[in-house]
Amino acid sequence: MRALAKMTWVEVKLFLREPITVIFTLALPLMVLYVLGGVFGNEVETGGGMVVYGGHGPTDFYTPAYVALAVAGVALIGVPTHMVEYREIGVLKRLRASAVRRRDVLLSQLLVSLLVATAGAALLVGAAFAFTDVTAPDAIAGFLGAYLLGALSIAALGLLLGTVLPTARAAQSVGLLLWFMFMFLSGAGPPPEVLPDSLRTVSDWLPLTPIVQLLQEPWLAGGWAGRQALIAAAIALLCVLAAWRAYRWE
């Protein structure tokens, strides 16, 4: 346990030295949320014959969505790139020679993803309360539970990408592509109500979409999105099992 804690702490410091991870986890979600808050405010849209943002204020709608994006930044860009780079330059091979177990390598990356993502999410939520007129979650305990499950699910997806992608450049490219796709189609970009039917179908199949909805439900309505929670749990379990089977040291 002490070795795992030491490895995790070292990995956290290494991650924070990666500019792309820092930008997409700590900086970009915060900047976009601030811009959206300044442009749209937090007044409920009532005109035009269409209910958008689920009948909530734009800032309230987007804040939990951008928490999910902060998680995705480190999980889908930082973790896969880091893991593949370790395999390319022989770090994993040396860890194996030092009797480090596969379980500890995967678990340390999972913990790093959760820790860095939580820092980014806390910064985002704190800034939202400081600089926008966002309202507090209707169910704080429910939101924290949804965050933990959602963050674990996306972190597990990042582990899987880190075990199956062939090169660090490919891992970074795939991670960036997924991040922007999730941003525009999973509820953190245009309101789902204004998307064409074809794009809404794509959105329904993206793994971040149920995570965004899982986070929004306790924040906006004080409830618990049971179906989305089951989907998030299934994603986490299947990705961890697949990553375990696909893992290779070199």
Hydrophobic cluster membership, with links at side-chain heavy-atom distances under 4.5 Å among I/L/V/M/F/W/Y: are [X] and [Y] in one?
| X | Y | value |
| --- | --- | --- |
| W179 | L157 | yes |
| L76 | L215 | yes |
| L159 | L241 | no |
| L107 | V91 | yes |
| M83 | I89 | yes |

Check: [Y] main-chain N/O paired with [X] side-chain donor or acceptor under 3.5 Å:
| X | Y | result |
| --- | --- | --- |
| S108 | V105 | yes |
| W219 | G142 | no |
| W224 | P218 | no |
| T163 | L160 | yes |
| Q216 | P64 | no |
| T201 | D197 | yes |
| S153 | L149 | no |
| S203 | L185 | yes |

How close do [X] and [Y] get, heavy atom to heavy atom, and via which atoms?
| X | Y | answer |
| --- | --- | --- |
| L195 | P190 | CD2-CB, 4.1 Å |
| V74 | A117 | CG1-CB, 3.7 Å |
| I154 | A72 | CG2-CA, 3.9 Å |
| S186 | T209 | OG-OG1, 3.1 Å |
| I140 | P137 | CG1-O, 4.1 Å |
| L220 | H56 | O-CE1, 3.6 Å |

Subject >> Y86 and H82 aromatic ring geometry - parallel, tilted or perpendicular at 30°/60° bounds >> reply: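 H82 vs Y86 ring planes: tilted.
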**OP:** Any pair with a residue in residues 228-242 that passes side chain to side chain donor-acceptor pair (under 3.5 Å), sequence neighbours left out, goes on the list, sorted by first then second residue, please.
**Re:**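 Checked against side chain to side chain donor-acceptor pair (under 3.5 Å) - neighbours excluded - the pairs reaching residues 228-242 are Q213-Q228.
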Original post:
W244: what forms a ring-ring contact (aromatic ring centres under 6.0 Å, His included) with it, not counting sequence neighbours?
Top reply: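 Partners of W244 under the ring-ring contact (aromatic ring centres under 6.0 Å, His included) test: none.
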Original post:
If you draw a 6.0 Å radius around CZ in F129, do more than 12 non-hydrogen atoms from other residues or ligands fall strictly inside?
Top reply: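 Yes - once you tally the heavy atoms of other residues, nucleotides and ligands closer than 6.0 Å, there are more than 12.
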Original post:
Around atom CZ of R248, are there more than 12 heavy atoms of other residues, nucleotides or ligands at under 6.0 Å?
Top reply: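 Counting neighbours around CZ of R248, more than 12 heavy atoms of other residues, nucleotides or ligands fall under 6.0 Å, so yes.
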Original post:
Under the salt bridge (Lys or Arg N to Asp or Glu O under 4.0 Å) rule, what pairs show up with a residue in residues 83-102, not counting sequence neighbours?
Top reply: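 Residue pairs with at least one partner in residues 83-102: K93-E250, R101-D104.
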